[in-house]
2 protein chains.
Amino acid sequence: MKILVVEDDLALSDVIAFTLRRNGFETITSHDGQAALRTWEAEQPDMVLLDLNLPKLDGMSVCRQIRAQATTPIIMLSVRNSDEAIVQGLEIGADDYIVKPFSPSQLVARIRAVLRRTGAGATPESVGSDRLALDRSRSEVNAPGFPPVRLAPLELRLLETLIVNAGAVVPADRLIAAIWGVDGGDRTMLKQLVYRLRSRLDTELPGVATIETVPGIGYALLTDSDA
Amino acid sequence: MKILVVEDDLALSDVIAFTLRRNGFETITSHDGQAALRTWEAEQPDMVLLDLNLPKLDGMSVCRQIRAQATTPIIMLSVRNSDEAIVQGLEIGADDYIVKPFSPSQLVARIRAVLRRTGAGATPESVGSDRLALDRSRSEVNAPGFPPVRLAPLELRLLETLIVNAGAVVPADRLIAAIWGVDGGDRTMLKQLVYRLRSRLDTELPGVATIETVPGIGYALLTDSDA
DNA sequence: AGCGATTGTTACCAACTTGTTACCACTGCG
DNA sequence: CGCAGTGGTAACAAGTTGGTAACAATCGCT
């Protein structure tokens, strides 16, 4: 699920891209209106997040041009909160209009609401990469070349936390909190769960990913690209 | 293009209905959550404008029930402007969420954007595909090469919810809400109903569709094109 | 009234999940 | 060297989930 983020504020662009990746989307970024159109044409994203104040070609014009050629879902992002701006954007062809500042959770929820309708695949319950991806709605993990592997609820939580932080060491306390809540687990339980998930991965998805131990600290997920 | 306006504030309900009629829409109104569900069922509107603070059954529950059974576009209207409320509404299945107060022009623009995106038409009496289709008016399910199969009311609700979401896993809670309403059923009842519907399908429409179990989550309908 | 269909409730069983306990090897420290 | 702590591995027991079946109550129709 590929989303083109068009935003001239580089810091905001990075934050949005990071948020989207953490929620299972793949992102491409552009920082001016003309580059946006070229990128949209070349990459054929599943959605465009479109700032309105852009160098070289403003967001309304970009929307107009995309909409004239395709049905790609478009969400506008702007500090302009007047009715005139909102109505104009929606009439030109935007699917939604979000006034800045906005929260990451609302952005993601609105993206999902629009994608739910435009059917470019189901809501991305999927987290991960091409090599290893989790499907929450099915409690499954998928890797190319292997049949889907169904995980138990706790196994799924552990793997998801590791996948979201793939390549980095996740401290044990954080894993415990993510899996059992604030006061619900301990290191013995985590150790056993890690052993179980490792066994599952080794047996059913050999060579795809490994869980590395960092003594006294925690665990990290390594996929082949990290090993 | 018929729009159901669910709003307990009678003055606002009238203003909205007037605005919509002036913009070419036909309107029906309801003033509490239970009446809304009955009206939605009886009138099959093209869209629902849904206030959240309603007597008898709150707007979130109404949305949940409609969404569990159908793809009718839903726009939520509410004074609640917190991220939590907006995200919750969108996740439950709303297509847009408009914070009160809003202007008529923005309301109409957002309605049009949602209708554009959903390509809305009336919910048909028949739901499904060439391979498997439900006829609500006759409580029948039809598949090529087999005589029509008459289903019991609860079986019909279950199969309809599964057909509308064919290929995807429908969480048990959603199925329960769709069949028995918000507080009316439990997992044991669902389990038994699933068993009964499965037996019917296997006996009377062999090979046409199967109901897949995703442990701990719910069920999905697979037709031959999904298997 | 009788019968068939529907639905809720209860019962039984197999498979799975999870917490707890046990044992062992390794490492670091006193 | 001995001990404590950590991490890996394995087994056991309790609880949960889902499939299957039967019974009883209710409703609608003849």
Side-chain angles (χ1 to χ4, degrees), chain A residues 136-141 148-162 169-204 210-222, chain B residues 136 138-141 148-162 169-204 209-222:
Chain A
R136 283 201 208 91
S137 68
R138 302 186 58 90
S139 215
E140 280 174 355
V141 56
V149 177
R150 174 139 313 139
L151 297 178
L154 293 189
E155 290 168 346
L156 190 78
R157 285 197 204 164
L158 173 58
L159 186 57
E160 181 175 4
T161 308
L162 292 174
V169 181
V170 188
D173 291 346
R174 262 182 62 198
L175 287 167
I176 291 168
I179 296 161
W180 289 281
V182 177
D183 293 307
D186 61 38
R187 287 180 178 243
T188 299
M189 291 158 68
L190 178 61
K191 178 172 66 165
Q192 176 71 197
L193 184 60
V194 167
Y195 168 73
R196 285 176 174 151
L197 180 59
R198 258 189 188 127
S199 303
R200 296 294 304 280
L201 293 178
D202 289 347
T203 303
E204 298 177 60
T210 60
I211 300 178
E212 176 197 14
T213 302
V214 182
I217 299 184
Y219 300 93
L221 185 76
L222 306 182
Chain B
R136 278 207 208 87
R138 304 178 64 89
S139 288
E140 280 174 357
V141 55
V149 178
R150 171 76 43 87
L151 296 177
L154 292 190
E155 290 167 346
L156 191 75
R157 285 196 203 167
L158 173 58
L159 186 58
E160 181 176 4
T161 308
L162 292 174
V169 181
V170 188
D173 291 345
R174 265 182 62 197
L175 288 167
I176 292 167
I179 296 161
W180 289 281
V182 177
D183 294 306
D186 62 36
R187 285 177 182 246
T188 299
M189 291 158 68
L190 178 62
K191 179 171 66 167
Q192 178 70 195
L193 184 61
V194 167
Y195 170 73
R196 285 175 174 150
L197 180 59
R198 256 189 190 130
S199 303
R200 297 292 303 279
L201 293 179
D202 289 348
T203 303
E204 297 177 58
T210 60
I211 300 178
E212 176 196 14
T213 303
V214 181
I217 297 183
Y219 299 93
L221 185 75
L222 304 182

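Just so we're on the same page: letters track the sequence lines, and every chain starts at 1.
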Q: Rounded off to whole Å, could you give me the CG-to-C1' distance for the Leu201(A) and dG8(D) pair?
A: 16 Å
Q. Which residue, Glu140(A), Glu204(A), Glu155(A), forms the salt bridge (Lys or Arg N to Asp or Glu O under 4.0 Å) with Arg150(A)?
A. Glu140(A)
Q: Let me see the working for Trp180(A) and Asp186(A) under side chain to side chain contact (heavy atoms under 4.5 Å, CB included), right down to the final yes or no.
A: CA-CA 9 Å; Trp180(A) 289 281; Asp186(A) 61 38; over 6 Å; no
Q) Would you say Trp180(B) reaches dG8(C)'s phosphate, i.e. side-chain N/O to OP1/OP2 under 4.0 Å? A) yes
Q | Closest heavy-atom pair and its distance - Tyr219(A), Lys191(A) | A | OH-CA, 4.3 Å
(Q) Please report the distance, rounded to the nearest Å, between CG in Leu193(A) and C1' in dG8(D). (A) 14 Å
Q: Could you pick out which residue, Arg200(B) or Thr188(B), lies toward the 5' side of DNA chain C when each is mapped onto its nearest nucleotide?
A: Arg200(B)
Q | Cationic N near anionic O, under 4.0 Å, Glu160(B) to Arg136(B) | A | yes
Q: Round to the nearest Å and state the distance from Asp186(A) atom CG to dT18(C) atom C1'.
A: 12 Å
(Q) Testing the basics here: between Leu197(A) and Ile211(A), what is the closest heavy-atom pair and its distance to 0.1 Å? (A) CD2-CD1, 3.8 Å
(Q) Side chain of Pro153(A), heavy atoms from C-beta onward: which of dT17(C), dT9(C), dT7(C) has the nearest atom to it? (A) dT17(C)
Q) Atom CD1 of Ile176(A) and atom P of dT18(C): how far apart are they, to the nearest Å? A) 16 Å
Q: Quick one, give me the B/S/- string for nucleotides 13-30 of chain D, reading 5' to 3', where B means a protein heavy atom under 4.0 Å from the base and S means that only happens at the primed atoms, P, OP1 or OP2.
A: ----SBBBBB--------
Q) Looking only at heavy atoms, what is the nearest atom pair of Leu156(A) and Ser139(A), with distance? A) CD2-OG, 3.6 Å
Q: Could you check Leu154(A) against Met189(B) and say which one's nearest nucleotide on DNA chain C is further toward the 5' end?
A: Met189(B)
Q.
Whole angstroms only, please: what is the CG-C1' distance between Leu156(A) and dT18(C)?
A. 15 Å
Q: To the nearest Å, give me how far apart CG (Leu197(A)) and P (dG8(D)) are.
A: 12 Å
